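Input: a single structure, listed below in structure tokens.
Counting convention: from 1, in listed order, for ligands and their atoms alike. Fair warning: this is a prediction, and the values are worked out from it, not measured in the lab. Note that the numbering runs from 1 along the sequence shown for the chain.
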Amino acid sequence: MKLVAKNLTLAYEAGQNIIDDINFEIEDHKLVSLLGPSGSGKSTILNMIAGLLTPTAGEIYFGEQNVTKLTVSNRNIGMVFQNYALYPNMTVRNNIGFPLKIAKIARNKRQEEIERLAKLVHVDDQLDKRPGELSGGQQQRVAIARALARKPAVLLLDEPLSNLDAKLRTEMREEIARIQHETGVTTIFVTHDQNEAMHISDKIMLLSDGTIQQYAVPNDLYDRPANLFTAKFIGDPQINTFDQPQALAYLQKYFAKPVKTIGIRPDALSTIKTTGSVALPVTLKSYSKYGAEELSRFDFFSVELDGENVDGVSDTQIGQALEVYVPLTQIHGFDDQDQHVDVIQPSAKILEANR
Ligand SMILES: Nc1ncnc2c1ncn2[C@@H]1O[C@H](COP(=O)(O)OP(=O)(O)OP(=O)(O)O)[C@@H](O)[C@H]1O
């Protein structure tokens with residue numbers, strides 16, 4: 001089911017909008033993450049979609065139906081929370097079947113559905129156990145099966161992996177992606193973990209202070225950040241940003257409008273010249289290698305630039321001057337409102353001028 005939010009606003013106190021007039025559309029069958037720092041409004045948006053919170057203004061549509069005034073139970077949603085909220089005294093079978101029992105589905109049909117759902121989430125060999133006898137990952141699978149039991153229009157997942165250890169988190173995020181893919185249910189996934197969001201999502205809605213900073217496919221947030229917030233929030237190690245006059249002046253000629261800040265991701269640097277790249281005069285300040293990751297630090301007009309896995313840098317001496325190259329399209333300029341400024345289309349003439 002497609003989901004649309006129009007002018008969605010929420011204030012707990014008059015005049016103080018926690019969510020401020022946001023608009024978005026989530027396409028049918030897609031998995032969208034709501035990503036952002038603590039307090040950015042992720043849970044508030046999810047709770048309005050679920051019907052647990054009533055918007056101060058604006059509307060929510062499931063398909064063509066305006067659901068803004070409908071109660072939780074009339075919206076046909078499935079929800080999974082971080083603490084699973086399984087019924088401890090019921091077996092897995094009865095936990096999964098509970099929503100079907102409430103819906104007065106006949107016993108035979110119910111058992112069939114339970115078996116199907118248990119197979120889907122891979123707990124079909126655990127049906128007679130109680131939640132306390134299951135691992136965290138298995139409990140989460142049961143919670144997902146239960147949330148899917150009524151064939152919800154939308155599946156809402158609120159930080160469902162945050163109680164799991166690192167290895168299980170990775171495994172379960174792949175599982176959620178698989179289950180979503182197999183069922184095709186439109187899914188909204190709340191997380192503050194960019195890695196999780198980048199791996200699992202068809203699209204990411206990045207939030208800060210109750211506003212949408214960027215809503216795009218994961219790679220676009222990394223490669224084409226719409227503003228400085230997105231550029232800095234997405235990416236680990238963090239993007240290099242600088243506003244020192246000499247460094248800015250060196251690169252300003254590549255932009256059509258004045259830039260106040262420039263951002264270059266650490267993995268965009270290379271010592272190997274390629275077509276369409278810009279040369280930066282730098283000095284190598286430090287170099288270290290941990291496993292497959294090589295980290296280097298350069299001085300560029302007194303700006304510290306971090307590099308990650310910079311080709312060819314291991315042959316350079318500390319303190320040595322050299323040129324590093326960055327594809328022009330990976331030099332991100334931001335104006336005095338922190339909005340992205342496009343580079344002038346790479347032309348041979350411009351690039352030549354810097355050689
Ligand atoms: N009941 C409430 N009364 C007043 N303000 C609230 C209430 N609940 C949440 N807020 C505020 O609304 C803002 C958004 O909170 P929300 O829980 O949606 O953020 P979040 O992005 O989900 O954060 P987290 O990752 O920490 O859960 C925060 O500033 C929070 O302090």
Please could you name the atoms of ligand 1 that [X] approaches to less than 4.0 Å, counting only its heavy atoms?
X: Thr44; result: 14 (C), 15 (O), 16 (P), 18 (O)
X: Pro37; result: 21 (O)
X: Ser38; result: 23 (O), 24 (P), 25 (O), 26 (O)

Subject >> Any side-chain heavy-atom pair of Thr271 and Val310 under 4.5 Å >> reply: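 SC-SC contact between Thr271 and Val310 confirmed.
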Original post:
Would you say the side chain of Thr241 lies within less than 4.5 Å of the side chain of Phe334, judging by non-hydrogen atoms?
Top reply: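 No, their side chains stay 4.5 Å or more apart.
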Original post:
If we only count N/O pairs under 3.5 Å, is His192 in contact with ligand 1?
Top reply: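 No, there is no polar N/O contact under 3.5 Å.
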Among protein heavy atoms, which lies nearest [atom], and at what distance?
atom: atom 25 (O) of ligand 1; answer: Lys42 NZ, 2.9 Å
atom: atom 19 (O) of ligand 1; answer: Gly41 N, 3.3 Å
atom: atom 17 (O) of ligand 1; answer: Ser43 CB, 3.9 Å
atom: atom 29 (O) of ligand 1; answer: Gly39 O, 3.9 Å
atom: atom 10 (N) of ligand 1; answer: Tyr12 CE1, 3.5 Å

Subject >> Selection from Ile18, Leu35, Asp158 by shortest heavy-atom distance to atom 12 (O) of ligand 1 >> reply: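 Looking at heavy atoms only, Ile18 sits closest to atom 12 (O) of ligand 1.
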Subject >> Working for side chain to side chain contact (heavy atoms under 4.5 Å, CB included), residues Gln244 and Phe301 >> reply: CA-CA 8 Å; Gln244 287 84 338; Phe301 294 112; over 6 Å; no
Distance to the ring centre below 6.0 angstrom and angle to the axis at most 45 degrees; does that hold for [X] and [Y]?
X: Lys203; Y: Tyr215; answer: yes
X: Arg265; Y: Tyr222; answer: yes
X: Lys253; Y: Tyr250; answer: yes

**OP:** Step by step, work out the side chain to side chain contact (heavy atoms under 4.5 Å, CB included) result for Ile45 and Ile22.
**Re:** CA-CA 10 Å; Ile45 294 174; Ile22 64 170; 3.5 Å; yes
Original post:
Does atom 22 (O) of ligand 1 have a protein non-hydrogen atom under 4.0 Å from it?
Top reply: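 So atom 22 (O) of ligand 1 has protein heavy-atom neighbours under 4.0 Å.
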Subject >> Contact bool for atom 6 (C) of ligand 1 (protein heavy atom, d < 4.0 Å) >> reply: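 Yes, there is one.
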Original post:
Hey, are Arg297 and Asp306 close enough for a salt bridge, meaning a charged N less than 4.0 Å from a carboxylate O?
Top reply: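 Result for this pair is yes, salt bridge flagged.
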**OP:** Check the surroundings of atom CD in Gln317: do more than 12 heavy atoms from other residues, nucleotides or ligands lie under 6.0 Å from it?
**Re:**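 Atom CD in Gln317 is not packed in, count stays at 12 or less.
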Subject >> Gly36 touching ligand 1 at heavy-atom level, < 4.0 angstrom >> reply: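 No, Gly36 has no heavy atom closer than 4.0 Å to ligand 1.
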